[in-house]
Number of protein chains: 2
Amino acid sequence: MSDPEQRSTTRTPRPTMRDVAALARVGIKTVSRVLNNEPNVTPETAERVERAAAQLNYEINSVAGNLRRTGHATKTVGLVVGHVANPFSGQIHAGVEDVLYSHGYSVLAASLDDDADREQRLVREFLRRRVDGLILTTISDEQTYLLPELSRGLPIVFVDREPSGVTADAVVGDNIGGAREATAHLIAHGHRRIACLADREFLSTAKRRVEGYRLALSEGGVEFDPSLVTMNLRSADAAQAAVTALLSGEHPPTAIFAAQNLITIGVIRALRAAGMQHAIALMSFDDFEVADSLDPGISCVTQDPRSMGSLAGKKLLARLGGDHTPASTIISPTTFIARGSGEIPAPL
Amino acid sequence: MSDPEQRSTTRTPRPTMRDVAALARVGIKTVSRVLNNEPNVTPETAERVERAAAQLNYEINSVAGNLRRTGHATKTVGLVVGHVANPFSGQIHAGVEDVLYSHGYSVLAASLDDDADREQRLVREFLRRRVDGLILTTISDEQTYLLPELSRGLPIVFVDREPSGVTADAVVGDNIGGAREATAHLIAHGHRRIACLADREFLSTAKRRVEGYRLALSEGGVEFDPSLVTMNLRSADAAQAAVTALLSGEHPPTAIFAAQNLITIGVIRALRAAGMQHAIALMSFDDFEVADSLDPGISCVTQDPRSMGSLAGKKLLARLGGDHTPASTIISPTTFIARGSGEIPAPL
DNA sequence: TTGAAAGCGCTACCAC
DNA sequence: GTGGTAGCGCTTTCAA
């Protein structure tokens with residue numbers, strides 16, 4: 001028994017305010033006052049209470065406290081992101097945390113994991129835990145199931161993907177503008193056969209990016225060829241296979257617009273496998289680590305997911321603080337970065 | 001007012017079991033039974049209750065329920081990771097979620113954000129919320145502040161970095177073994193001047209990796225040269241600067257062991273800037289997306305952070321389930337991957 | 001300045 | 001099968 005203090009295997013009940021009050025020989029309410037920094041306690045009494053609390057290793061129980069506290073606030077926010085393992089989601093999470101943490105909120109985080117049912121299950125679980133607000137990335141095709149909550153006044157901010165069927169605050173990237181800029185850049189380098197690879201078509205982001213792609217085509221006087229658009233790519237592997245197929249087709253594209261970060265990774269692998277990475281131009285929607293160290297460097301339009309997260313967090317804080325202005329959608333701008341892959345000219 | 005149902009700006013109080021009971025004209029206890037799927041309710045009564053609950057959009061309040069429920073469990077686990085924006089942390093989070101979610105636990109997630117004070121603040125906040133257990137990545141130099149919790153029987157599992165000053169469960173990568181294997185690989189390719197770049201020296205991971213590096217050197221009959229070891233690199237930028245300095249020194253290394261993923265990224269940038277990426281060998285501790293698409297591909301020993309997260313989650317579940325076996329440290333193995341950068345031979 | 005009592009929304013227990 | 005009552009740990013209210 002080298003470390004007897006720690007050797008306890010059975011669960012010992014945690015001390016309560018009553019225990020602290022008994023030890024300090026004061027009323028429970030006085031303990032509450034001291035530990036919550038409320039006024040009207042003599043320094044001597046406060047001192048006694050502090051000492052008793054320290055001796056018992058007492059930590060206030062905010063769960064019990066919030067039950068009675070005005071408005072029943074739990075100071076907890078529920079966050080649903082695409083997948084915590086995806087750096088894009090991680091950045092959103094980081095942005096949300098940056099803002100909420102300093103205001104005393106904790107965040108319950110969970111992933112959709114590409115599962116539409118899970119979206120509702122997670123929201124439901126959050127509601128049962130009585131979160132004060134929600135920040136949601138969605139995957140189901142409509143969110144009318146949230147109407148009762150919205151009408152009850154629960155603050156909900158959507159992030160990355162706009163909600164469908166409900167009116168609520170949202171923070172999204174400039175999907176149309178970014179895709180348009182990326183595609184126009186390829187057209188400016190002489191390309192006419194530009195493939196567009198995108199995620200599942202029911203995602204508002206994927207839809208908008210294809211929209212931006214088509215907009216740039218028509219503005220650039222390039223005829224739209226549906227055979228160059230592949231949607232519903234859910235992974236890097238799927239994108240890789242799609243590109244490999246395109247390259248072996250009759251009229252392969254001279255440029256590729258990859259409308260999402262995982263898709264870009266699949267495209268890069270396919271191009272390298274075919275030895276075409278210097279022959280076919282590539283623009284990516286979204287950036288990733290070491291995109292600048294590849295050969296060629298990957299040109300992209302990039303969103304700022306961390307900023308999107310903190311904007312969503314700020315909006316939620318405002319709602320929590322009583323902001324009753326109409327719901328709004330904040331469009332977070334994209335940034336254009338040229339690194340080589342997007343500047344490969346079309347063959348003559 | 002196109003959508004009057006949703007137009008409410010003032011917060012409406014949520015219905016309680018009492019409301020449901022009144023509407024269904026049953027006792028509150030019966031509502032509890034139905035909503036918790038307890039036996040001894042006639043189908044007709046259950047039906048009435050279900051209907052009333054649906055009509056009021058009632059969701060059970062698990063916060064209030066857990067307060068009275070046996071053991072006061074909150075079915076919540078606190079998770080602290082290095083930084084949610086780091087893919088490595090994201091994978092740990094994903095692994096933890098995989099395991100706990102299916103067992104009815106929600107996870108409160110937060111980042112250390114490279115701030116030692118924050119570690120304790122986060123833990124404290126979690127304790128106030130009465131989490132049932134903790135999964136922690138630490139950054140402070142010792143965790144004795146957790147002794148009272150440990151002795152009280154609160155399950156705590158450390159992940160990625162071993163705790164200091166306390167005995168508790170941990171899941172860590174094979175830092176010594178991986179570093180040793182990476183370094184030995186470089187030695188096998190003829191290298192004698194191998195630089196070692198590592199994170200802050202008070203981190204157990206960084207310490208162990210340098211230990212593995214030195215072990216491989218002595219096993220390979222290579223003399224240790226302290227001038228080749230740079231520690232306390234906190235970012236890709238710092239690593240990049242360190243490599244640039246090494247390269248312009250009198251006796252530049254012929255190979256580099258980068259002991260962490262962000263460091264590897266800095267090394268890659270420095271080598272490319274100097275045009276030396278095909279001249280100097282590089283082994284990375286930890287892998288990253290597109291490491292295979294770089295030129296040369298980046299050889300590495302890689303941990304499996306997602307598996308580490310789920311192992312930690314499983315251990316915690318076991319403890320929560322009453323497992324009272326002595327604390328243990330699980331060492332998650334590393335995998336060696338050759339892609340080119342580690343196979344560059346030493347110059348003659 | 002202090003504390004006793006009521007009650008937050010629910011579950012445990014026990015009576016009917 | 002059903003429901004009243006006590007009480008989880010705290011905050012609110014109000015009296016002392």
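Chain A is the first sequence line, chain B the second, and so forth, proteins listed ahead of strands; every chain is numbered from 1.
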Test: B:Arg121 cationic atom under 6.0 Å from A:Tyr101 six-membered ring centre, within 45° of axis: no
B:Arg306: partners by salt bridge (Lys or Arg N to Asp or Glu O under 4.0 Å), with sequence neighbours left out: B:Asp98
Phosphate OP1/OP2 of C:dG3: any A:Thr30 side-chain N/O under 4.0 Å: yes
Side chains of B:Thr325 and B:Asp323 only: does a donor on one sit below 3.5 Å from an acceptor on the other? yes
Output one letter per nucleotide in nucleotides 7-16 of chain D: B when a protein non-hydrogen atom lies under 4.0 Å from the base, S when only the sugar-phosphate is that close, - when neither is. BBBBBBB---
Under the side chain to side chain contact (heavy atoms under 4.5 Å, CB included) rule, collect the residues that match up with A:Asn66, sequence neighbours excluded. A:Ser62, A:Arg69
Show the nearest heavy-atom pair for residues B:Val131 and B:Leu154, with the distance to one decimal. O-CD1, 3.7 Å
Counting the atoms with a prime plus P, OP1 and OP2 as sugar-phosphate, which does A:Val63 contact under 4.0 Å by heavy atoms, base, sugar-phosphate, or nothing? nothing
Examine the side chains of B:Glu162 and B:Ser204 and answer whether a donor and an acceptor come within less than 3.5 Å of each other. no
Do any side-chain nitrogens or oxygens of A:Thr42 fall under 4.0 Å of OP1 or OP2 in C:dT2? yes
Distance check needed: C:dC13 P versus B:Asn40 CG, whole Å only. 15 Å
